[in-house]
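Below, each value reflects all heavy atoms present in this structure, side chains not excepted, and no hydrogens, waters or symmetry copies.
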Amino acid sequence: VIIQKIREAERSNSFEEFKQNEGQVVQGVVHRRDRSGNILIDLGKIVGIVPTAEQVQRESYRPGAKMKFFVVSVEMGPRGPQIVLSRATNEMVKTVFEQEIPEIASGEVVIKGISRDPGFRAKVAVTTDEASIDPIGACIGQRGSRITTIIDELGGEKVDVIMWNDDAKEFIKNALSPAKISSIELNKEEKIAKAIVETDQFSLAIGRGGQNVRLASTLTGWQIEVEDIN
């Protein structure tokens with residue numbers, strides 16, 4: 001009975017200690033994959049789980065590998081603390097940006113939206129009210145130092161940092177970068193945007209497998225259709 005009580009107290013202490021990490025990014029060591037396909041992560045005194053839906057399919061979760069994870073939830077279950085982790089959520093990107101970019105941590109630069117194809121590419125829209133700050137430059141860093149660190153944290157996932165704009169046409173143009181957009185036509189009733197591009201920009205605007213236009217549509221909230229100007 002005493003041993004059981006001690007174990008319960010230890011589980012309770014571990015739960016209270018880890019609860020404050022909810023909504024944060026933590027580092028853990030990959031332990032193994034269970035029969036359901038979930039990944040078990042050693043977090044020190046406690047074990048977390050990465051459900052299949054929260055895994056990035058192109059990543060290799062090798063036992064012993066050190067990785068960072070977003071803490072989705074920390075709850076007390078019948079067998080002790082149940083910690084759900086994620087590598088695929090947009091919050092992972094947001095939190096890594098907050099950790100690596102002081103201007104975002106301080107609130108001088110604000111993330112207005114994130115769209116993501118986990119493991120492949122993400123688009124992050126940023127803005128600022130500070131005239132002296134270049135929000136994109138702050139995120140990229142000198143010679144790309146900050147964005148390189150972020151890409152490494154995300155396992156090589158490409159990240160496009162774009163300027164947010166409250167003008168829908170300008171925001172859609174920015175969201176479709178690196179393609180250059182000639183003009184935007186908006187159907188506000190159906191919230192459809194037609195992006196007109198030169199022939200040499202068409203495939204760039206669409207992206208491989210439609211990825212670029214799909215991420216831009218998610219980021220802006222508009223259904224974007226790309227048309228050749230010719």
Side-chain angles (χ1 to χ4, degrees), residues 3-4 6-102 104-105 111 114-124 139-141 144-161 208-209 211 214-215 218:
I3 292 173
Q4 184 179 346
I6 290 173
R7 286 176 179 168
E8 288 175 359
E10 287 175 345
R11 284 199 296 265
S12 180
N13 287 338
S14 297
F15 172 78
E16 294 300 332
E17 285 178 15
F18 210 85
K19 183 68 176 175
Q20 62 188 359
N21 290 320
E22 199 170 50
Q24 300 296 320
V25 170
V26 298
Q27 183 166 288
V29 178
V30 177
H31 181 49
R32 64 181 176 85
R33 186 185 295 271
D34 68 15
R35 292 179 180 178
S36 302
N38 304 317
I39 307 293
L40 302 182
I41 307 297
D42 183 352
L43 298 168
K45 296 180 181 179
I46 206 164
V47 174
I49 185 172
V50 187
T52 52
E54 299 296 341
Q55 296 169 24
V56 175
Q57 296 307 311
R58 68 177 293 184
E59 288 185 335
S60 174
Y61 298 97
R62 292 178 292 101
K66 290 183 179 180
M67 301 179 75
K68 289 189 175 181
F69 303 87
F70 180 80
V71 183
V72 177
S73 65
V74 181
E75 304 293 340
M76 182 59 83
R79 295 185 179 180
Q82 294 181 334
I83 300 166
V84 178
L85 307 172
S86 176
R87 288 277 298 174
T89 178
N90 286 357
E91 291 297 321
M92 176 80 182
V93 176
K94 182 175 183 290
T95 306
V96 170
F97 265 76
E98 290 171 346
Q99 289 181 344
E100 300 298 334
I101 302 168
I104 289 181
I111 295 176
I114 297 171
S115 61
R116 189 182 182 201
D117 188 354
F120 294 94
R121 194 173 181 183
K123 286 182 179 285
V124 180
C139 294
I140 300 299
S145 58
R146 290 179 175 178
I147 200 67
T148 299
T149 300
I150 289 169
I151 290 170
D152 289 343
E153 295 283 9
L154 297 174
E157 184 174 319
K158 293 180 180 179
V159 180
D160 298 335
V161 182
R208 183 179 296 178
Q211 184 188 65
R214 184 173 65 251
L215 290 176
T218 303

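Between Val25 and Gln99 there is a side-chain heavy-atom pair separated by less than 4.5 Å. Between Ile41 and Tyr61 there is no side-chain heavy-atom pair separated by less than 4.5 Å. When side chains are defined from C-beta on, Ile49 counts as touching Leu40, because their heavy atoms get closer than 4.5 Å. Inter-residue side-chain proximity for Glu100 and Ser145 is flagged as unmet; no heavy-atom pair is nearer than 4.5 Å. In this structure the side chain of Ile104 reaches within 4.5 angstrom of the side chain of Cys139, judged on heavy atoms. Contact of the Ile39 side chain with the Val30 side chain is registered, since non-hydrogen atoms from C-beta on lie closer than 4.5 Å.
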Residues 150-158 side chain polar contacts: donor-acceptor under 3.5 Å, at least two apart:
{"from": "Glu153", "atom 1": "OE2", "to": "Lys68", "atom 2": "NZ", "distance (Å)": "3.1"}
{"from": "Glu157", "atom 1": "OE1", "to": "Arg116", "atom 2": "NE", "distance (Å)": "3.2"}
{"from": "Glu157", "atom 1": "OE1", "to": "Arg116", "atom 2": "NH2", "distance (Å)": "3.0"}
{"from": "Glu157", "atom 1": "OE1", "to": "Gly119", "atom 2": "N", "distance (Å)": "2.7"}
{"from": "Glu157", "atom 1": "OE2", "to": "Arg116", "atom 2": "NE", "distance (Å)": "2.8"}

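Gln24 contributes atom CD, which lies 10.5 Å from atom CZ of Phe18 (distance to the nearest 0.5 angstrom). Expressed to the nearest 0.5 Å, how far CG of Leu85 lies from CE of Met92 amounts to 10.0 Å.
In this view, Glu98 and Lys94 satisfy the side-chain hydrogen bond (donor to acceptor under 3.5 Å, both in side chains) rule, not counting sequence neighbours. For Val72, the side-chain contact (heavy atoms from CB on, under 4.5 Å) partners at least two apart in sequence or on another chain are Phe70, Val84, Ser86. Evaluation of the salt bridge (charged side-chain N to carboxylate O under 4.0 Å, His left out) rule for Glu22 yields Lys19 as partners, not counting sequence neighbours. Contacts of Gln27 classified as side-chain hydrogen bond (donor to acceptor under 3.5 Å, both in side chains), with partners at least two apart in sequence or in another chain: none. Residues passing the side-chain contact (heavy atoms from CB on, under 4.5 Å) test with Gln211 are Asp117, Phe120, Arg121, Arg214, Leu215, sequence neighbours excluded.
For Ser36 (side chain) and Asn38 (main-chain N/O), no donor-acceptor pair under 3.5 Å exists by modelled atom type.
For Ala88 against Ala53, the heavy-atom pair with the smallest separation is CB-O, 4.2 Å. Taking each heavy atom of Asn21 and Val71 in turn, the nearest pair found is O-CB, 3.4 Å.
Listed by first and then second residue, the salt bridge (Lys or Arg N to Asp or Glu O under 4.0 Å) pairs that reach into residues 31-44 come to none, sequence neighbours excluded. Here salt bridge (Lys or Arg N to Asp or Glu O under 4.0 Å) pairs that include residues 54-66, with residues two or more places apart or in two chains, are Glu59-Arg87.
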Evaluate side chain to side chain contact (heavy atoms under 4.5 Å, CB included) for Phe97 paired with Val161, printing each intermediate quantity in order.
-> CA-CA 11 Å; Phe97 265 76; Val161 182; 4.1 Å; yes
What's the verdict on side chain to side chain contact (heavy atoms under 4.5 Å, CB included) for Val47 and Ile83, showing C-alpha distance, side-chain angles and the deciding distance?
-> CA-CA 7 Å; Val47 174; Ile83 300 166; over 6 Å; no
